[in-house]
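Single-structure report; data block below.
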Amino acid sequence: MSQSSSLLTSLDPARLRLPEKPALEGLEAKWVPHWESSGVFRFDRTRSRADVFAIDTPPPTVSGSLHVGHVFSYTHTDVVARFHRMRGKEVFYPMGWDDNGLPTERRVQNYYGVRCDPSLPYVPEFVPPAQPPKPPLSVSRPNFIELCARLTTEDEKVFEQLWKTLGLSVDWSMTYATISKRSQRVSQLAFLHLLQRGQAYQVEAPTLWDIDFKTAVAQAELEDREMPGAYHKIAFSLPDAEARGLSRSTVEIETTRPELIPACVALVAHPDDVRYQPLFGKHVLTPLFGVRVPVRAHTLADPEKGSGIAMICTFGDTTDVTWWRELSLPVRAIIQADGTLRDITWGARGWESAQPERAQQYYSELKGLSAAKARAKIVEQLSKSGDLIGEPRPITHAVKFFEKGDRPLEIITSRQWFIKTIELREALIARGRELRWHPEYMENRFENWANGLNGDWCISRQRFFGVPFPVWYPLTPQGQVDHDHPIAAGDAQTPIDPSTDVPAGYRADQRGVPGGFVGDPDVMDTWATSSMSPQIVCGWPDDPDLFARTFPMDLRPQAHDIIRTWLFTSVLRAHLEHDSLPWSHAAISGWVLDPDRKKMSKSKGNVVTPLGLLEEHGSDGVRYWAASGRPGTDTAFDPAQMKVGRRLAIKILNASKFALMSAEPQGKVTAPVDRAMLRNLASLVAEVTVAFEGYDYARVLQRTEAFFWGFCDDYLELVKGRRYGEQGAEGAGSANAALTAALSVMLRLFAPFLPFVTEEVWSWWRDGSIHTAAWPTPDELLSMIGDHGEDVRQTDERAYTWATKVMFEVRKQRSEAKQPLKVPITGVTVKTDADSAALMPIVEADLRAALRVVAFATTVGEPREIVVVGYEPPPSADVRT
RNA sequence: GGGCGGUUAGCUCAGUUGGUAGAGCACCGGCUUUACACGCCGGCUGUCACAGGUUCGAGUCCUGUACCGCCCACCA
């Protein structure tokens, strides 16, 4: 006998333990420790790759608290994990914490009242102040990193507790952190490989820059925000010599950033624009500063926009960078790393001016100001000088921000590390198509993003709490940093911190001295490490045995907002390092929306704490709500659905108690309605298994739930009397066997969604965890029914359907007659067609018991009707037809 | 400007190859029924966004439009 069929039949009365009054309360506290100690979710690493289902779980950012959106999407993954586990897969399901990066730095700064000052020496045994001091205390980089590690460890404990209470079937012995030594090693090693293969490079170039965090950021981390601004119409003058033969002496441009006039290097118009064609090759003088700049032609200039001719500055936006590069223009940068205007000596090389003293005078009022303040000042100056034409015209326009930043991005020239991405565009798009997306349409976002890439991936960040670049640079005898000859760490050396570790061939006392070395001061973009999460969890490269059993993984679950970051970069890294996809499937979760149909904000999400929800509705209730959200679909935050889920769980407790409580022995399934019910259940199993394989867990839950309520409302009522022995031992035996089998199957169908209540019920009558029991198959049900011909199957089915129809009609009439159920019905007359009438003998006894009908009188004829004759006592008048 | 998704009952949503519109919640009425009052039975509720088209037949397929949401691009 197979394992699965034994799941149906072995009901040992001596083993049975039914509670008096089953309840959901306390199930989380009971089962979480039990699962932990019994190791049901522990990964068995002796299983082969074909037997493993490996999940690349998103490591939540440890910089605050988990919110209801996390509960939502992590439940989806857990449901899928549990399905595959029950199907016999060894599920590889580690959890990670993303404690690396800016959010953690910010939280640590606020929590302890500290700031990182990399110039300070490490203080051993450092103890942070009890209260955050003002102004903040400066600490060394190693001390700062210690504080980050300390706080994230605390947060991670709280996170883990919540996940356990939610019932995630994670193997907690495999938890990782993105800032751990192992993650750093993987990250650095992968970087070194890129460097060795020439796929990572360093260059000094204009870079997207956040002036508050004072770091470079990547294209993927940008977002647009609508900001008020204004068009300023500004006149550039043509020197007399240049104006000769022209009908004009000035050129008017429009700009939203007049403070960048000192950084202007050219004007540009479309080559076909007849208005400006005469000017191409000529020069103009910038207002106030009198710098001679060329007028150039470029197809990116839009004749429709503004006056049709634009000022190119170094650098106002990414278009400026394009123009600057393609037109080979000089650099005249004025914005510093902190966003203020730097000091400039007008008249010096590169800053030649027709009137240097005048330029210096104007500029002296601008230097040191932020861009916004400088803008106000220069508008004043332009207005006075007469170079501003008319009033500024207010507009609202989209401005690029770092997604975590507070002020608009600037573009600043700096030395940064890049990973070559652009040249891989087509290969990556092919990878995106190779990946199985759930839902499929999410693939568009990947392709869309790949097609929109306009530069390689900048991975260096001028921050502290992150994975350092494993490189040093030689210092020349003159003490200059020689960036062109980086000294890479050896593979075996990783993880290293170049600020404390010493490169091969050097001594520690050569750090920072001429002829010595310095460490690369930067850390990697957090995505540069997160994109290696499959390699981190699968043991690359130190545990080749584990790696062979888990990689490429099966599933990446994640939300759609990080397709362009986490998903894209993970595909990129696996492509570069392993020439493969990192996983075969991507399951994309939607967001949780508040009742206003907006994305549930963190503030709102934190008002409703996940733990509070779990306590109020039970973990199963909350999971029910989450699992009803289809893949990729945004779902409303809806406590009413959690209540429904809770009710379902309670119903399962009570129905299970009923199904198991009979003292009658089980027999063979011989009653037609029993067979019909089991066949219907077998069809359900077939249907939902296919749905689950396609990641449509919401359908599985919905269809299973619908079947279960029908089972309770109709089938249980129909067989109640029979299973108590009213029709003899054979009928009772059939009902009991069918009830037990159906319960076993339904519990297993519900188990991925409602792990607590199903485990509880399972424990009443069975050994072992339901979560490692086999996923049901149609065959295990069909084989216990036995093989009957098509005619019998149809008769069974029609008998069951007919019985439910009669129940419905009689219940309706009883309800309309307002008769209590305890009052017996004296008789029911049934007039119907010959086929249905022939079914009455099969189901009549069950119906009499279920409906409390003394007798049915069945005739063949028209009109078809089912009529309650009367009730007793007291007898009442006939009720309508 | 390009792309993707959505629009079905008061609300949240199903509706698998085209075949008489569904569920839950809410609401109304009834019922203590030895699994469950955290329950049970019953009832009410629709121009399937709009306009065309294909078809014997369209919520479902095609074309277009409107609105909502998201992604990307543009940013002088």
Side-chain angles (χ1 to χ4, degrees), chain A residues 18 21-24 222 224 227 229 231-232 234 253-257 260 267-269 300-302 305-313 316-320 323 395 397-400 439 441-454 560-561 563-564 590-591 593 595 597-599 618 621 625 628-630 632-638 640-641 643-644 646-662 687 690-691 694 696 698-699 702-703 705-706 709 712-713 716-717 720 724 807-808 810-823 850 852:
Chain A
L18 290 184
K21 178 87 179 162
L24 295 179
L222 304 189
D224 284 350
M227 297 287 289
Y231 278 121
H232 303 78
I234 290 162
I253 61 108
E254 286 200 82
T255 181
T256 54
R257 297 203 60 184
L260 292 179
L267 300 188
V268 66
L300 228 51
D302 182 356
K305 207 166 274 180
S307 56
I309 187 163
M311 144 175 113
I312 304 174
C313 304
D317 59 39
T318 51
T319 317
D320 277 347
W323 281 327
I395 54 157
H397 61 155
V399 178
K400 288 232 181 294
Y441 62 75
M442 286 293 176
E443 202 267 327
N444 291 308
R445 303 216 182 179
F446 181 93
E447 210 158 306
N448 215 339
W449 174 252
N451 281 320
L453 284 174
N454 54 30
H560 53 64
D561 55 334
I563 289 174
R564 66 177 183 169
W591 277 337
L593 304 178
R597 309 261 71 190
K598 300 284 181 212
K599 184 188 177 188
W625 160 76
S628 61
R630 312 176 83 75
T633 306
D634 295 344
T635 299
F637 173 71
D638 190 358
Q641 280 303 106
K643 290 191 172 70
V644 172
R646 181 180 170 79
R647 237 171 291 182
L648 171 64
I650 292 168
K651 189 76 172 178
I652 289 172
L653 285 177
N654 287 312
S656 299
K657 180 182 167 194
F658 172 74
L660 295 171
M661 73 193 295
S662 170
E687 179 194 346
V690 170
D696 196 354
R699 169 183 291 273
Q702 180 205 318
R703 303 283 296 125
E705 185 192 10
W709 284 105
C712 289
D713 295 344
L716 285 186
E717 293 300 324
K720 215 175 237 183
Y724 282 128
M807 278 202 290
F808 174 79
V810 174
R811 281 166 169 173
K812 183 169 165 172
Q813 288 174 49
R814 183 191 284 280
S815 180
E816 283 164 356
K818 304 189 178 180
Q819 288 290 341
L821 192 67
K822 67 181 176 189
V823 174
R852 307 223 171 173

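Every chain is numbered from 1 and lettered A, B, ... according to where its sequence line falls, protein lines coming before strand lines.
For the C1' atoms, the distance linking U45(B) with U8(B) amounts to 13 Å, nearest Å. Rounded to a whole angstrom, the distance from the C1' atom of C67(B) to that of G53(B) is 23 Å. Across G6(B) and U16(B), the matching P atoms stand 13 Å from one another, rounded to whole Å. Rounded to a whole angstrom, the distance from the C1' atom of G52(B) to that of A9(B) is 27 Å. With C1' as the reference atom, U60(B) and G69(B) are 23 Å apart, rounded to whole Å. Taking atom P on both U12(B) and U55(B), the two are 38 Å apart, rounded to the nearest angstrom. Separation of the C1' atoms belonging to C4(B) and A73(B) is 15 Å when rounded to the nearest angstrom. A gap of 10 Å separates the P atoms of U7(B) and C13(B), to the nearest Å.
Atom CE in Met442(A) sits about 14 Å away from atom C1' in C72(B), given to the nearest Å. Between the P atom of A73(B) and the CG atom of Asn454(A) lies a distance of 7 Å, rounded to the nearest Å. When the P atom of G39(B) is taken as reference, atom CD1 of Ile652(A) falls 14 Å away, rounded to whole Å. A straight line from CH2 of Trp625(A) to P of C25(B) spans 19 Å, rounded to a whole angstrom. To the nearest angstrom, P of C4(B) lies 12 Å from CZ of Arg445(A). To the nearest angstrom, P of C40(B) lies 14 Å from CE of Met807(A). Tyr441(A) places its OH atom 11 Å from the C1' atom of G69(B), with the value rounded to the nearest Å. With rounding to whole Å, Glu816(A) atom CD is found 20 Å from C40(B) atom P.
Judged by Watson-Crick or G-U wobble contacts below 3.5 Å, the nucleotide G5(B) has C68(B) as its partner. The partner of C48(B) cannot be assigned: no Watson-Crick or G-U wobble pair with both contacts below 3.5 Å exists in any strand. Using Watson-Crick or G-U wobble geometry with both donor-acceptor distances under 3.5 Å, C13(B) finds its partner in G22(B). Of the nucleotides present, none pairs with A58(B) by Watson-Crick or G-U wobble criteria with both distances under 3.5 Å. Under the Watson-Crick or G-U wobble criterion, with both distances below 3.5 Å, C74(B) is left unpaired in every strand shown. The nucleotide G29(B) finds its pairing partner in C41(B), both defining distances of the Watson-Crick or G-U wobble pair being shorter than 3.5 Å.
Backbone-only contact: Trp709(A) has heavy atoms under 4.0 Å from sugar-phosphate atoms and none from a base. The residue Thr633(A) sits apart from the nucleic acid: no heavy atom pair falls under 4.0 Å. Note on Asn448(A): a base of the nucleic acid sits closer than 4.0 angstrom, heavy atoms only. As judged by a 4.0 angstrom heavy-atom cut-off over every strand, Ala301(A) is placed among the base-contacting residues.
A distance of 5.0 Å separates OG1 of Thr256(A) from NE2 of His397(A), quoted to the nearest 0.5 Å. One finds the CH2 atom of Trp323(A) at 11.0 Å from the CE atom of Met311(A) (value rounded to the nearest 0.5 Å). In this structure, Arg630(A) CZ and Gln702(A) CD are separated by 6.5 Å, a value rounded to the nearest 0.5 Å. One distance of note links CG of Asp320(A) with CG of Leu300(A); it measures 10.5 Å at 0.5 Å rounding. Interatomic distance, CD1 of Ile253(A) versus CD1 of Ile309(A), reported as 9.0 Å (0.5 Å rounding).
Counting all heavy atoms, side chain and backbone alike, Asn654(A) lies closest to Pro22(A) at OD1-CG, 3.7 Å. The two residues Ala850(A) and Met807(A) come nearest to each other via the heavy atoms CB-SD, 4.3 Å.
Using bins of under 30°, 30° to 60° and over 60° for the plane-to-plane angle, the ring pair Trp625(A)/Phe637(A) lands in the perpendicular bin.
Nearer to the 5' terminus of RNA chain B, by closest-nucleotide assignment, is the contact made by Leu24(A) (compared with the other of Leu24(A) and Asp317(A)).
A heavy-atom distance below 4.5 Å is not found between the side chains of Gln819(A) and Gln813(A).
The cationic group of Lys305(A) does not satisfy the cation-pi geometry with Tyr231(A), failing either the under 6.0 Å distance to the six-membered ring centre or the 45° limit from the ring axis.
In this structure Asp302(A) satisfies the salt bridge (Lys or Arg N to Asp or Glu O under 4.0 Å) test with no other residue, sequence neighbours excluded.
Interface remark: the Asp224(A) side chain does form a donor-acceptor pair with the C74(B) base, using a distance-only criterion of under 3.5 Å.
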Could you pull out the protein-nucleic contacts involving nucleotides 15-24 of chain B (nitrogen or oxygen on both sides, under 3.5 Å)?
from: G15(B); atom 1: OP1; to: Arg630(A); atom 2: NH2; distance (Å): 3.4
from: G15(B); atom 1: OP1; to: Arg699(A); atom 2: NH2; distance (Å): 3.1
from: U16(B); atom 1: N3; to: Arg699(A); atom 2: NH1; distance (Å): 3.3

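For the pair Lys812(A) and G43(B), the criterion of a side-chain N or O lying under 4.0 Å from OP1 or OP2 is met.
Within the 3.5 Å criterion, the main-chain N or O of Trp591(A) finds a donor-acceptor partner in the side chain of Asp634(A).
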- Starting at the 5' end of nucleotides 26-37 of chain B, put B wherever the base has a protein heavy atom under 4.0 Å, S where only the sugar-phosphate does, and a dash everywhere else. ---BSSSB-BBS
